[in-house]
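This is a predicted model, so every value here is computed, not measured. Chain A is the first sequence line, chain B the second, and so forth, proteins listed ahead of strands; every chain is numbered from 1.
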Amino acid sequence: MPVRVRYAPSPTGSPHVGNLRTAIYNWLFVKKMGGQFIARLEDTDRTPGRYMPEGIWDIEESLRYLGTIPDEWWVSGGSSGPYIQSERLPLYKEYADKLIASGHAYRCYCSRERLEAMRQEQQAKGIPTGYDRCCRSDDGREEMRTKRREELGHEPPCVVRLAMPLEGQTVVHDLVKGDIVYDNRTQDDQVLLKTDGFPTYFLACAVDDHLMGVTHVIRGDDWLSSAAKFVAVINAFGWDPPALVHPPLIMGSDRKKLSKRHGSTQFTEFVEQGYLPEALLNFLVLLGWSAGDENRELFTLPELIERFSLEGISEHPAIFDYDKLKWMNGMYIRQSPPGRIIGLCIQQLQKAGLISNPPSEIELELARKLIPLEIERMKVLSEIVPMAEPFFHELRFPEGYDEKAVTKWLHVEYIHALLRNEIDIFTKIENWEPTSLETAIRTLAEDMQLKFAGVIHPTRVAVTGRTVGPGLFEALWALGRETTLQRLHSVLEAL
RNA sequence: GGGGAUAUCGUCUAGAGGUUAGGACGAGGGAUUUUCAGUCCUUAAGCCGGGGUUCGAUUCCCCGUAUCCCUACCA
């Protein structure tokens with residue numbers, strides 16, 4: 001039997017990195033085993049503020065960015081569509097009715113107010129919360145229905161609830177954690193169909209997974225606690241449950257759910273900051289999965305597919321380490337062909353307004369010279385913006401200059417002589433290239449009886465306004481003779 | 001309150017009934033050097049606690065503790 005797995009996001013906003021990680025696990029598993037990767041949109045919560053259709057685009061883009069594109073989804077369709085749950089409403093009603101007919105579910109007329117009051121009372125008394133199953137018996141249900149009809153003056157709305165078995169146990173077979181046994185008495189009569197006609201997760205998932213032929217369900221650990229209800233629904237239909245796996249959750253540094261407080265959490269934010277897809281994928285995979293005793297962390301996609309197995313999924317939550325992601329991204333940047341990084345950095349520079357769109361010939365030439373010089377000190381692509389600023393922006397002295405750098409290096413007593421000599425040399429030098437420039441400056445340092453560093457640092461500050469950056473001679477080369485001379489002149493005049 | 005899961009360096013993790021408990025990020029130190037970075041070398045840092053089982057447990061079992069998840073007409 002071919003493997004069929006699904007990624008089932010709900011459009012409640014831009015997808016969370018943890019969410020994408022389960023998509024990656026699903027994708028890797030299906031690539032490894034052979035089969036189909038399905039994505040299904042779980043848009044059954046129509047509560048204002050929670051249903052955010054704008055998020056759908058981000059979900060699609062994120063999957064494309066990672067390269068984990070589903071074989072069947074709402075974008076391309078497939079043999080078991082539709083892949084959007086709001087387009088499958090009649091199906092859920094049909095199956096809910098089947099459950100009612102077989103005695104595995106029942107209509108419930110209780111008002112939200114009654115439910116809420118009941119819950120509060122239970123909490124106040126310190127007893128377990130849950131539905132009192134008032135509508136589970138025919139008598140109780142009719143009584144409630146009549147009462148509600150009198151209150152409302154018309155036929156009252158109802159939900160459909162699962163008639164959870166009152167005794168016995170439900171066993172959840174988790175491929176990683178093993179069999180987990182739940183006492184049915186501790187499980188509530190879960191609502192399956194809401195008054196608005198939309199199903200809840202439990203019904204929709206059970207029906208869709210079955211109809212779509214899903215063989216393995218890989219979903220976040222937050223579903224484990226309610227897995228008994230999920231399995232109970234499937235059992236009520238008489239179907240075989242799919243194999244289940246619950247990868248652990250991703251937490252923030254304080255061991256709470258990863259949220260805004262900790263930093264970026266939405267996948268698209270990382271994309272914008274300039275994280276490469278292979279870095280993001282590699283990092284996310286390793287957050288809760290390991291290749292075993294192989295002491296490696298950096299894997300290509302084929303290597304990951306080859307090594308991936310459900311057994312390697314860990315059982316405890318993982319804290320999202322932003323530093324490690326950065327490190328990994330830096331590694332991938334340095335492994336990439338420079339042309340690719342140049343292209344991506346140009347996009348970053350355009351976004352920041354340092355380069356026009358489309359870029360001019362001059363901007364392009366400068367970018368092609370500068371970006372390769374910065375690649376080795378970049379961890380995230382957006383870092384190119386502050387790095388490139390002194391090269392693409394006009395630099396005015398002293399406003400654009402780093403104050404500490406100026407104090408330290410532009411107030412040495414030989415500064416005027418140095419700058420004058422450099423202007424002289426740079427004006428005359430034939431080859432404006434790093435090696436020639438270096439030779440000339442080394443000679444100058446000797447002539448002036450200065451240490452090399454004593455020349456390098458003031459020059460760097462005078463020309464770029466800061467103490468950090470690429471090697472000085474590469475920087476001068478990238479910047480060009482004209483701009484270099486112009487900056488030296490203006491600093492000399494102002495000092 | 002009820003239910004479930006989990007527990008190895010600060011973090012991600014490997015590991016086996018007997019190991020010097022391994023790797024990576026981060027941190028410290030050193031080398032390279034023209035600053036930052038990178039690269040290379042190097043140091044420190046860990047088996048939650050208590051009972052069992054066993055010749056021997058960090059590893060298996062139980063209890064405790066802690067943490068996380070569920071306990072919605074959210075997913």
At under 4.0 Å between heavy atoms, what does [X] touch on the DNA or RNA strands: base, sugar-phosphate, or nothing?
| X | value |
| --- | --- |
| A/Thr12 | nothing |
| A/Gly288 | sugar-phosphate |
| A/Val191 | sugar-phosphate |
| A/Pro386 | nothing |
| A/Arg119 | sugar-phosphate |
| A/Lys326 | nothing |

[atom1] atoms of [N] and [M], separation to the nearest Å:
| N | M | atom1 | value |
| --- | --- | --- | --- |
| B/G10 | B/G46 | C1' | 10 Å |
| B/G23 | B/G15 | P | 15 Å |
| B/A57 | B/A16 | C1' | 11 Å |
| B/A45 | B/U13 | C1' | 15 Å |
| B/C61 | B/A5 | P | 13 Å |
| B/A37 | B/G4 | C1' | 48 Å |
| B/G28 | B/A21 | C1' | 22 Å |
| B/C47 | B/U19 | C1' | 13 Å |

Looking only at side-chain N and O atoms, does [X] come under 4.0 Å of OP1 or OP2 in [N]?
| X | N | result |
| --- | --- | --- |
| A/Ser290 | B/C12 | no |
| A/Arg255 | B/U11 | yes |
| A/Arg219 | B/C70 | no |
| A/His316 | B/U13 | yes |
| A/Ser314 | B/U13 | yes |
| A/Lys177 | B/C69 | no |

Return the value, rounded to whole Å, for the distance between atom [atom1] of [X] and atom [atom2] of [N].
| X | N | atom1 | atom2 | result |
| --- | --- | --- | --- | --- |
| A/Leu115 | B/U71 | CG | P | 14 Å |
| A/Asp293 | B/G23 | CG | P | 13 Å |
| A/Leu286 | B/G23 | CG | C1' | 11 Å |
| A/Gln190 | B/U71 | CD | P | 8 Å |
| A/Leu284 | B/U11 | CG | P | 20 Å |
| A/Ile250 | B/U6 | CD1 | C1' | 16 Å |
| A/Lys256 | B/C69 | NZ | C1' | 12 Å |
| A/Leu203 | B/C73 | CG | C1' | 12 Å |

remark   = ring pair (Phe, Tyr, Trp, His ring centres under 6.0 Å) filter on A/Trp432, not counting sequence neighbours, yields A/Phe426
key: Centroid-centroid under 6.0 Å between A/Phe283 and A/Phe320 rings   = yes
key: Check: A/Tyr25 ring centroid to A/Phe308 ring centroid under 6.0 Å   = yes
Assigned partner base of [N], Watson-Crick or wobble definition, under 3.5 Å:
| N | value |
| --- | --- |
| B/C40 | B/G30 |
| B/G1 | B/U71 |
| B/U6 | B/A66 |
| B/U35 | none |
| B/A57 | none |
| B/U20 | none |

task = Choose from B/C73, B/C69, B/A75 the nucleotide whose nearest atom is closest to any side-chain atom of A/Leu249.
result = B/C69
query = What nucleotide among B/U67, B/A75, B/A72 has an atom nearest to a side-chain atom of A/Lys194?
reply = B/A75
message = Does A/Ser225 contact B/C69 through a side-chain donor or acceptor facing the base, at a distance under 3.5 Å?
response = yes
query = Any donor-acceptor pair under 3.5 Å joining the side chain of A/Thr195 to the base of B/C73?
reply = yes
query = Is there a donor-acceptor pair under 3.5 Å between the side chain of A/Asp321 and the backbone N or O of A/Asp323?
reply = yes
task = Measure from NZ or CZ of A/Arg46 to the centre of the six-membered ring of A/Tyr51 and say whether it is under 6.0 Å with the direction within 45° of the ring axis.
result = yes
task = Locate the shortest heavy-atom distance separating A/Leu193 from A/Lys93; write the atom from each residue and the value.
result = CD2-CA, 4.3 Å
task = Among A/Thr22, A/Asp221, A/Asp174, find the residue that satisfies the side chain to side chain donor-acceptor pair (under 3.5 Å) test when tested with A/His246.
result = A/Asp174
message = Regarding A/Arg6 and A/Asp208, does a basic nitrogen lie under 4.0 Å from an acidic carboxylate oxygen?
response = no
ask   = Do the ring planes of A/Phe270 and A/Tyr322 sit parallel (below 30°), tilted (30 to 60°) or perpendicular (above 60°)?
value = parallel
Under 3.5 Å donor-acceptor pairs involving side-chain atoms of residues 400-412 of chain A, not counting sequence neighbours:
from, atom 1, to, atom 2, distance (Å)
A/Tyr401, OH, A/Ala462, O, 2.6
A/Thr407, OG1, A/Glu403, O, 2.8

ask   = 5'-most contact on RNA chain B: A/Cys158 or A/Asp222, nearest heavy atom basis?
value = A/Asp222
query = Are A/Tyr201 and A/Asp45 close enough, and set up right, to give a side-chain hydrogen bond (donor to acceptor under 3.5 Å, both in side chains), and what steps lead you there?
reply = CA-CA 9 Å; A/Tyr201 176 89; A/Asp45 185 1; over 6 Å; no
query = When every nucleotide of nucleotides 25-45 of chain B is labelled 5' to 3' by its protein contacts under 4.0 Å (heavy atoms), B for base, S for sugar-phosphate only, - for none, what sequence of letters results?
reply = B--------BBBBSS------
